[in-house]
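All heavy atoms count here, side chains included; hydrogens, waters and symmetry mates do not. Below, read A as the first sequence line, B as the second, and so on, with proteins coming before strands; counting in each chain starts at 1.
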Amino acid sequence: MFATEMSDDAPVAIVNGYFPTLNLKSTLEKILGEIAGFNDTSGPVVDLAALISGYFDSDKRTVDRMYLVVHNIDGACLRKHQAALAVLGNCKNIHLLASVDHIEAPVMWDTTLATKFNWAWHDLTTFEPYTVETSYENFSSASTEIGPRGVLHVLASLTENAKSVFRILAEHQIAESVMGDGGDDSSAGQRLGAPKYPGMAYTAYFGACRDQFLVSSEMAFRSQLTEFRDHKVIQSRHAADGSETVFIPLDASTLGTILEGMD
Amino acid sequence: MTDNYKPVDAFDSMTESTFIIKPSAKKNAAVRRQSVKRITDSGGFVPLFQGDESTESMELRRTLFEATWPPLEQLIMNTEEAANNVAMAEMCTFASNAYRKIETDEKGRLDPPATELATAVAFAGVNTGDHSKLFTMLRVRLQAAGHHAVLLESQYCTTLPNMLRALLDQVFGGTSAGEVSEDSVVATGTRTINYDASLLALWWGEEKQAGRVTEDTRIAVILQDFEGFPPLVVDDFVRIATGYCQQVPIVLVLGLATSYESLHQSLTKSSISMLNVERFNLQRSKECIDAVVTKMLIEGACVLAFGAEAYKSLLDQFLLYNFSISAFVRKLKYAVMDFFYAHPLSILASMVDSDKRVTDLPIRLSYDQAELVRMQRSTQRFIESRQKDNPEFVHKALTDDVFLQTSVIKQMLRELVEYRKSYSLGIALIRVIQEHAPEPLRKPVRALHFYSLGQDFGECTHWKTLSAVVRKMKAPGMEQLVARFEEIVPSHSVARLQRTGLPDGKSVQELLLHIRELLQDPDNSSEHEESSLDNAGSSSVAPKRIRTRHDMENRPFLLFDNTSSDSMLRALDKCCQVIEQILELCLASYRDIPLHEIFYYKHSLLLDTTFSAQPRAAVQTALGKTAYYINCECCDDDEDDDEAEQRILPSMQDTSIAYRLHRECGRMINIYDWYMAFASVVEKEGDMEMGEEGSESQSQSQARFMRAVEEMRLLGFIKSTQRKTDHVIRLTWGM
């Protein structure tokens, strides 16, 4: 509301600190590009912040001042970059508004940083629920895996055909892992070199799907697999001889639960 | 509790984390056509009295604020510079004299000991926040003295190449040799030059040939926060600089916040042996704060004065945190901002100009404003005091707004101004007395100001000790004291003291003159004649000197001193009395002065909450004692004497219920148990309402519980654990 209604006299940059994949470097580059007019910038975060600060300190700038609104300056991705933010906060013509939610938030700042930021605190406790900040709970793009809930979620939005395609692979994987466990009680754990998740060879998988009339052509099959891959439901690896193996990166018991949940 | 579904804000997105909004010219024009008022129109000032305040009044407040603060800021900066003046001058001299060839008697010139890097170690104190200002000032001084000065901060110098790059950028950037800097970093962010110390040496050679630098010019490299630099980097830099110091006269300045030990701990022995160290002390924050308090608060450069609690809040910020001047100034600025922004009668500050004369108000007071003036207790006292002499005055003051504005307020303001002048005189006199007192009794000005604000003059313990000192003074000391007083008084032209309070209607100067004459010639004065009748009877007998215990305590020198006569004693006594009277008048409590409610800032709570915030306490209060924020009737439970036993009502907020339940757990919390407890509390509500039952309410309570747990995790109360599934670790104890 502040951004749209009150601060009409200067550009506003809004940074959602609670966003789990926030990259401060790209944020600063964006600010440099759109507000300050620099292009082709690179370098560590501190230097970028110094560039912005230098721009707003110089007399020849076109933009007079700037508002920077940071939601949750104590967000997970911003905790390491407080020094860079302090450089921005120290600049006279950059006005910084930030919110903190974590109870230990002030620990992030030592006296030098706290003096640079020059905070004036306001207690604005509303009892609004944290719907937006908590909606990113399972959102972790750092790992390429997806949890069972995610898979269920994805499957719920797919067609029956697609569900059956998934089911074939899942059942095969469960069967493979049961056989693998049953056979291997001498060595501790799996043999070195054996894959963590047994999968199906691409050709065998295609054959099984075609047999059940789930797909009509290879193009359709491939597009279905691509869709699964985009949702990170399946992954593939290549063997030494060039053949492709497709697998679901979940263990057998989880797969069993999913299959039960699907019905 | 049902939540209304709110539409998602335009700035919440699953993919983008940053948004930039620019003001559009068209939008501005459209808004102006509709003549909608925006906050930024008036720089943030809003009309008070719920919008009834006139625009001119609001604009006046705004202009006053914009006119008041910048000169104050400038004054503070000048004070800081003055406090550090001596130390900085010494450092400039040191820089100039480094590497200078020593002249010997045989008219030859001797080179100083080979290859030692001249280093100045400056102790800047623990107030690290102030250091950047301090070292910038130093840099400016060095540049004014003709040297090249470079300021390096640790955050830009994490490795040696970075440090050299920063150094060379600053050196080249500051000179007219701009052709090198065109290729350099500032505009494009890429580097094309190989930053190396040899480049510096080359450049220096060129500068010397071109005549832009002389024999005496040095390059001063200031490492602002030495403890923040990686030790290896500084080590390497010292070696490099020592290697080049014959060609390029580098003077190193290290800013230390802690002690000399950190220097020894960070650098290796070999690099320390290359340094030719001299120590300087830049820790002047206490003198600086005393000077600021004297100029702004006591002498009245700042039109706003501070009441006892607010001043205590300011001082505590300084003393109890880290002796930081900038924190003090910040609070001061905020208080001034609050005064002009939120107090409708701050326009009265326009009536006092910089020469402390009272002028007219440029606008007319509205009815609300005039009523507000009348409602102040001090105004009522002032008006009532005139009742006996001038009842018509009273009548007019209470009914006629114009009369109030032109006459009554002006008189009150004059009294206020006079009070402040006499107050500053009183503090100056006390400082003079302190000089005659032994060392432990000498308190700094800020403490004196604190004592006089907080207590009545007669009750102040510090003054009692000082008065004992005055009484113990003998004649020569007393004469000196009186002479000093006489020097000081004329510089504070105080009309107030001439009118009220003093006995015999004499003015201060006259009184001082009188007692000085008395001291010089005690036997031959009129006082003596008055009391001689009393002593006529006993003059034949040598009177006993020590007659009472009071005398024993206050004039112990009488035991050994036979030369001073009775009349001298009486003279000394009279002096003490007069001094006490003067001081009592000067340092009267500010609560007796008219309009003190306006001009003495009292919102210490605001200052504390704004600058010494406790977010954890706020969150825990919101969750644990929700009634402080929301005073709803459904949760209005009588608190027992033992607050920990307050019942958890189902009508409370979800996260609050979860929080209270988790307080009763140990270190590891089983989520399922927690959920069962939560559900049992929440489903009571279902029973009470006799509404839905069965799986509907169960899934609802489950959803609410999950949301509450996630919020607790976001706030930092719990943390998920790998070791035990379905458990979370509790992170906070104590409340």
Visitor: Please report the closest heavy-atom contact between A:Trp109 and A:Gln82, naming both atoms and the distance.
Guide: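 Scanning both residues completely, I find the closest heavy atoms to be NE1-OE1, 2.8 Å.
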Visitor: Testing the 3.5 Å rule here: is there a donor-acceptor pair between the side chains of B:Asn162 and B:Thr158?
Guide: yes
Visitor: Considering only heavy atoms, which portion of A:Ile31 lies under 4.5 Å from any heavy atom of chain B: side chain, backbone, both, or neither?
Guide: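 Backbone plus side chain of A:Ile31, per the 4.5 Å heavy-atom cut-off to chain B.
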Visitor: Heavy atoms, side chains only, cut-off 4.5 Å: are A:Tyr18 and A:His71 in contact?
Guide: yes
Visitor: When you compare the side chain of B:Phe705 with that of B:Ile671, does any pair of heavy atoms fall below 4.5 Å?
Guide: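 When only atoms from C-beta onward are counted, B:Phe705 and B:Ile671 do touch, with a gap below 4.5 Å.
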Visitor: Are B:Thr128 and A:Thr111 close enough that a side-chain donor and a side-chain acceptor fall under 3.5 Å?
Guide: yes
Visitor: Which region of B:Thr610, side chain (C-beta onward) or backbone (N, CA, C, O), has a non-hydrogen atom less than 4.5 Å from a non-hydrogen atom of chain A, or is it both or neither?
Guide: both
Visitor: If you compare all heavy atoms of B:Glu227 against all heavy atoms of B:Ala257, which two are closest, and at what distance to 0.1 Å?
Guide: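 Heavy atoms only, the tightest pair is OE2-N, 3.1 Å.
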Visitor: Side chain, backbone, both or neither: which part of A:Ala120 has a heavy atom under 4.5 Å from chain B?
Guide: both
Visitor: Going by the rule salt bridge (charged side-chain N to carboxylate O under 4.0 Å, His left out), which residues pair with A:Asp101 if we only count those two or more places apart in sequence or in a different chain?
Guide: none
Visitor: Heavy-atom distance under 4.5 Å to chain B: side chain of A:Val87, backbone, both or neither?
Guide: side chain
Visitor: If you count heavy-atom pairs under 4.5 Å between each of A:Val15, A:Thr126, A:Asp123 and chain B, which one has the most?
Guide: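 Among the listed options, the one with the most contacts to chain B is A:Asp123.
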Visitor: Atom CD in B:Glu711, atom CE in B:Met706: separation rounded to 0.5 Å?
Guide: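 So the CD of B:Glu711 and the CE of B:Met706 are separated by 12.0 Å.
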Visitor: Please find the pair of heavy atoms, one from B:Arg616 and one from B:Trp733, that lie closest to each other, and give the distance.
Guide: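 Residues B:Arg616 and B:Trp733, closest heavy atoms: NH2-O, 3.7 Å.
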Visitor: Under 4.5 Å heavy-atom distance to chain B, tell me which part of A:His122 shows up: side chain, backbone, both or neither.
Guide: side chain
Visitor: Among B:Ser326, B:Ala613, B:Ser656, single out the residue with the greatest number of heavy-atom pairs under 4.5 Å to chain A.
Guide: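 Top option by heavy-atom pairs under 4.5 Å: B:Ala613.
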Visitor: Pull out the residues in residues 72-81 of chain A that come under 4.5 Å of chain B, heavy atom to heavy atom, sorted by number.
Guide: none
Visitor: Between A:Trp119, A:Tyr55, A:Phe127, which has the largest tally of heavy atom pairs under 4.5 Å with chain B?
Guide: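 Winner by heavy-atom pair count: A:Phe127.
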Visitor: Tell me whether the centres of the aromatic rings in B:Phe611 and A:Trp121 are closer together than 6.0 Å.
Guide: no
Visitor: Which bit of B:Tyr334 is near chain A, if near means a heavy-atom gap under 4.5 Å: side chain, backbone, both or neither?
Guide: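 Looking at B:Tyr334, just its side chain touches chain A.
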Visitor: Just so I understand: if I count every heavy-atom pair under 4.5 Å between each of A:Asn23, A:Thr27, A:Leu113 and chain B, which residue has the most?
Guide: A:Thr27
Visitor: In the structure I gave you, are the side-chain heavy atoms of A:Leu28 and A:Leu88 within less than 4.5 Å of one another anywhere?
Guide: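 Of all side-chain heavy-atom pairs linking A:Leu88 with A:Leu28, at least one is under 4.5 Å.
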